[in-house]
Novice: 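The following block contains the structure, expressed as structure tokens.
Everything numeric here is computed off the predicted structure, so don't read it as measured data.
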Amino acid sequence: MSAKTRRSLLVFVFGFGTYVALLRPLGFIYALLIGFVVVAAVLYVDRLVQSKRAQRNSLSETHDFERQ
């Protein structure tokens with residue numbers, strides 16, 4: 001799965017899921033605003049995980065290169 005597809009899926013599932021779950025108790029505007037906040041947090045965590053994964057991969061490649 002590509003990064004763009006994964007992010008789109010995360011935005012849809014978490015954003016829309018939050019919106020639908022909070023629509024009745026909070027109303028349209030508050031549910032929409034909280035949905036945006038949840039999407040922003042999910043994208044931040046996704047980018048943080050990707051950064052850590054890329055950093056770890058580059059360190060392991062450097063370590064493998066030094067072994068040879």
Novice: Nearest 0.5 Å please: distance from the CZ atom of Phe36 over to the OH atom of Tyr19.
Specialist: 10.0 Å
Novice: Are Leu43 and Val45 joined in one hydrophobic group, where the rule is that I, L, V, M, F, W and Y side chains link up if heavy atoms are under 4.5 Å apart?
Specialist: no
Novice: What's the separation between atom CG in Leu22 and atom OH in Tyr30, rounded to the nearest 0.5 Å?
Specialist: 13.0 Å
Novice: With a 4.5 Å cut-off on side-chain heavy-atom distances among I, L, V, M, F, W and Y, is there a chain of contacts connecting Leu10 to Tyr44?
Specialist: no
Novice: Working to the nearest 0.5 angstrom, can you tell me the gap between Arg53 CZ and Gln50 CD?
Specialist: 5.0 Å
Novice: For the backbone of Phe14 and the side chain of Thr18, can you confirm whether one donor and one acceptor N or O come within less than 3.5 Å of each other?
Specialist: yes
Novice: Can you hop from Val13 to Val39 via hydrophobic side chains spaced under 4.5 Å?
Specialist: no
Novice: Quick one about Thr5 and Ser2 (side-chain donor to acceptor, distance below 3.5 Å, no hydrogens or angles considered), yes or no?
Specialist: yes
Novice: Are Val37 and Val42 connected into the same hydrophobic cluster when the rule is that any two of I, L, V, M, F, W, Y join if their side-chain heavy atoms are below 4.5 Å apart?
Specialist: no
Novice: Kindly give the heavy-atom pair with the smallest separation between Leu26 and Ala31, and that separation in Å.
Specialist: CB-N, 4.5 Å
Novice: For the atom pair CG (Asp46) and CG (Leu9), what is the distance rounded to the nearest 0.5 Å?
Specialist: 10.5 Å
Novice: Count I, L, V, M, F, W, Y as connected when their side-chain heavy atoms are under 4.5 Å apart, and connections chain through other members. Are Phe16 and Phe28 then in the same cluster?
Specialist: yes
